[in-house]
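We use all heavy atoms of the structure for the numbers below, so side chains are in, but hydrogens, waters and symmetry mates are not.
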Amino acid sequence: MATEVSSDQQEIMKALAVQASIDPQQEIERRVGFLCDQLVETGQHALVLGISGGVDSTIAGRLCQLAVEKARERGVEARFYAMRLPYGEQKDEDEAQQAIRFIQPDEVLVTNVKPAGDSMLDSLEEEAWCSRVTGNATS
């Protein structure tokens, strides 16, 4: 189904160097190649990405895993670490685990951020309370 492209749309596409259509496999290869080249050229040996279970982090995670596999083919001892940062018990943990299974990362690291997050919030609330009591509020 052909879609008419207005002159304004054409102008925007030209200004942003946007293609009218894309080849998904070619785009995957381009992005994987870019990530792999960055590993090789910078001498880095790992990619780390937070995985929420949403579409963006799932796709980005899979691209990262493919990139480290390609880097290994080029002789780089590269690894991909999928980082999970749940706040206590994550309600959609099953979706996050589905994402991990799809990504197939070299390693999965999990850090529960609830204790640190709660402690920081408590500290900020205490500081705000102290500021109001002493008259040092900044707002």
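In this structure, the side chains of E95 and Q90 stay at 4.5 Å or more apart for every pair of heavy atoms. L49 is listed as a side-chain neighbour of F80, based on a closest heavy-atom distance under 4.5 Å. Under the 4.5 Å side-chain criterion, counting only non-hydrogen atoms from C-beta, L124 is in contact with M120. For the pair Q25/I28, a side-chain contact is recorded, criterion being any heavy-atom separation below 4.5 Å from C-beta on. Contact of the E107 side chain with the R79 side chain is registered, since non-hydrogen atoms from C-beta on lie closer than 4.5 Å. For the pair V18/I12, no side-chain contact is recorded, criterion being any heavy-atom separation below 4.5 Å from C-beta on. A heavy-atom distance below 4.5 Å is not found between the side chains of K114 and E89.
Cluster membership for I59 and L35, using ILVMFWY side-chain heavy atoms within less than 4.5 angstrom, is shared. Under a hydrophobic clustering in which Ile, Leu, Val, Met, Phe, Trp and Tyr are joined whenever their side-chain heavy atoms come within less than 4.5 Å, directly or via other members, V55 and L63 fall into the same cluster.
Counting Ile, Leu, Val, Met, Phe, Trp and Tyr side chains that sit under 4.5 Å apart, directly or through other members, V48 shares a hydrophobic cluster with Y81, M83, L85, Y87, L109, V113.
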> E27 and R30: salt bridge (charged side-chain N to carboxylate O under 4.0 Å, His left out), yes or no, with the steps?
Replying inline: CA-CA 5 Å; E27 293 303 316; R30 190 166 70 96; 2.9 Å; yes
inquiry  = Using side chain to side chain contact (heavy atoms under 4.5 Å, CB included), reason through L66 and R62 one step at a time and then give a plain yes or no.
reply    = CA-CA 6 Å; L66 293 171; R62 186 66 187 139; 3.5 Å; yes
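Closest non-hydrogen pair, D106 versus R72, comes out as OD2-NH1, 2.9 Å. Nearest heavy atom pair, residue A78 against residue L39, reads CB-CD1, 4.1 Å. Across every non-hydrogen atom of L47 and A67, the tightest pair is CD1-CB, 4.4 Å. When all heavy atoms are compared, the tightest approach of S57 to G53 is OG-N, 3.5 Å. Considering all non-hydrogen atoms of both residues, A20 and M13 come closest at CA-CE, 3.5 Å. For the pair A82 and I100, the tightest heavy-atom approach, listed with the atom from each and the gap, is CB-CD1, 3.9 Å.
Looking only at distances, a side-chain donor or acceptor of R84 sits under 3.5 Å from a matching main-chain atom of I51. A donor-acceptor contact shorter than 3.5 Å links the side chain of T58 to the backbone of G54. A side-chain donor-acceptor contact under 3.5 Å links T42 to the backbone of Q38.
Between D37 and K70 there is no salt bridge, since no side-chain N of the basic residue sits under 4.0 Å from a carboxylate O of the acidic one.
Side-chain atoms of D8 and Q10 form no donor-acceptor pair, as typed in the model, at a separation below 3.5 Å.
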